[in-house]
Amino acid sequence: MYNPPDPTSYNALVWEIVKQIPEGIVSTYGQIASMIPPPEDVDPDQYARLSPRWVGTAMNATPSGEGIPWQRVINSQGKISLPKGSSGADEQHGLLEMEGVEFNSQGRVDFEIVGWEGPSEDWLTMHHLLPPRSLKRRSEPPATQPSLF
DNA sequence: CGTTTGACTACGC
DNA sequence: CGCGTAGCCAAAC
């Protein structure tokens, strides 16, 4: 994968966003990446493909003791991404269950129930970020969006 | 100094 | 549901 233009500031931004995830709620690498605007000199498509991995890299470098709820970031399949059986995966699973997040028999959470909707519009605007893409992949998307005008 | 390997994701079988 | 693939950088081996 290739790395973000400025890994240091990118990581800090990722952690800042992760801090906004409420207890008992989870987000995904891709959803967090979708809030961070692509640099102007980067192809949007390429950015969309690679940025989730940058978020993963940022999470891997999460500093401890700064109140960053790293456990609330899982993959798009609703599963924990840390190596299965590793102490890290066990810890993440435990912390989430502690918050009331439930896993089914296949080790997956239900985004319909615990999926994050993202920070408030105000917070996003304040930080120059984009609205996150929804975690719920509905087989039946809203065909007709009520006109706002 | 050449290879391997990433806390990812969407998509096809 | 599980497995393989592309993406194509850079740090760790």
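Note on naming: letters A, B, ... go to the chains in the order of the sequence lines (proteins, then strands), and numbering restarts at 1 for each one.
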Among [options], the nucleotide that comes nearest once only the side chain of [X] is considered:
{"X": "Arg53(A)", "options": "dT9(B), dA7(B), dC8(B)", "value": "dC8(B)"}
{"X": "Thr28(A)", "options": "dT9(B), dC8(C), dA7(B)", "value": "dT9(B)"}
{"X": "Gln46(A)", "options": "dA7(B), dC8(C), dG6(B)", "value": "dC8(C)"}
{"X": "Arg49(A)", "options": "dG7(C), dA7(B), dA10(B)", "value": "dG7(C)"}

Shortest non-hydrogen contact between Ser27(A) and Ile21(A), atoms and distance = CB-CD1, 3.7 Å

hydrophobic_cluster_shared for [Y] and [X], side chain cutoff 4.5 Å:
{"X": "Ile36(A)", "Y": "Trp123(A)", "value": "yes"}
{"X": "Leu95(A)", "Y": "Met59(A)", "value": "yes"}
{"X": "Val109(A)", "Y": "Ile113(A)", "value": "yes"}

Distance between [atom1] atoms of [N] and [M] (Å, rounded):
{"N": "dA10(B)", "M": "dC9(C)", "atom1": "P", "answer": "22 Å"}
{"N": "dG4(C)", "M": "dG6(B)", "atom1": "P", "answer": "15 Å"}
{"N": "dC1(B)", "M": "dC8(C)", "atom1": "P", "answer": "26 Å"}
{"N": "dT9(B)", "M": "dA11(C)", "atom1": "P", "answer": "23 Å"}

Nearest-Å distance, [atom1] ([X]) to [atom2] ([N])?
{"X": "Arg133(A)", "N": "dC8(B)", "atom1": "CZ", "atom2": "P", "result": "14 Å"}
{"X": "Leu50(A)", "N": "dT9(B)", "atom1": "CG", "atom2": "P", "result": "13 Å"}
{"X": "Tyr29(A)", "N": "dG7(C)", "atom1": "OH", "atom2": "P", "result": "23 Å"}
{"X": "Ile80(A)", "N": "dT9(B)", "atom1": "CD1", "atom2": "C1'", "result": "18 Å"}
{"X": "Ile21(A)", "N": "dA7(B)", "atom1": "CD1", "atom2": "P", "result": "18 Å"}
{"X": "Lys79(A)", "N": "dC8(B)", "atom1": "NZ", "atom2": "P", "result": "13 Å"}

Reckon Asn60(A) touches a base, only the sugar-phosphate, or nothing at all at heavy-atom distances under 4.0 Å?
-> base

Donor-acceptor contact below 3.5 Å, side chain Glu99(A) vs main chain Gly24(A) | yes

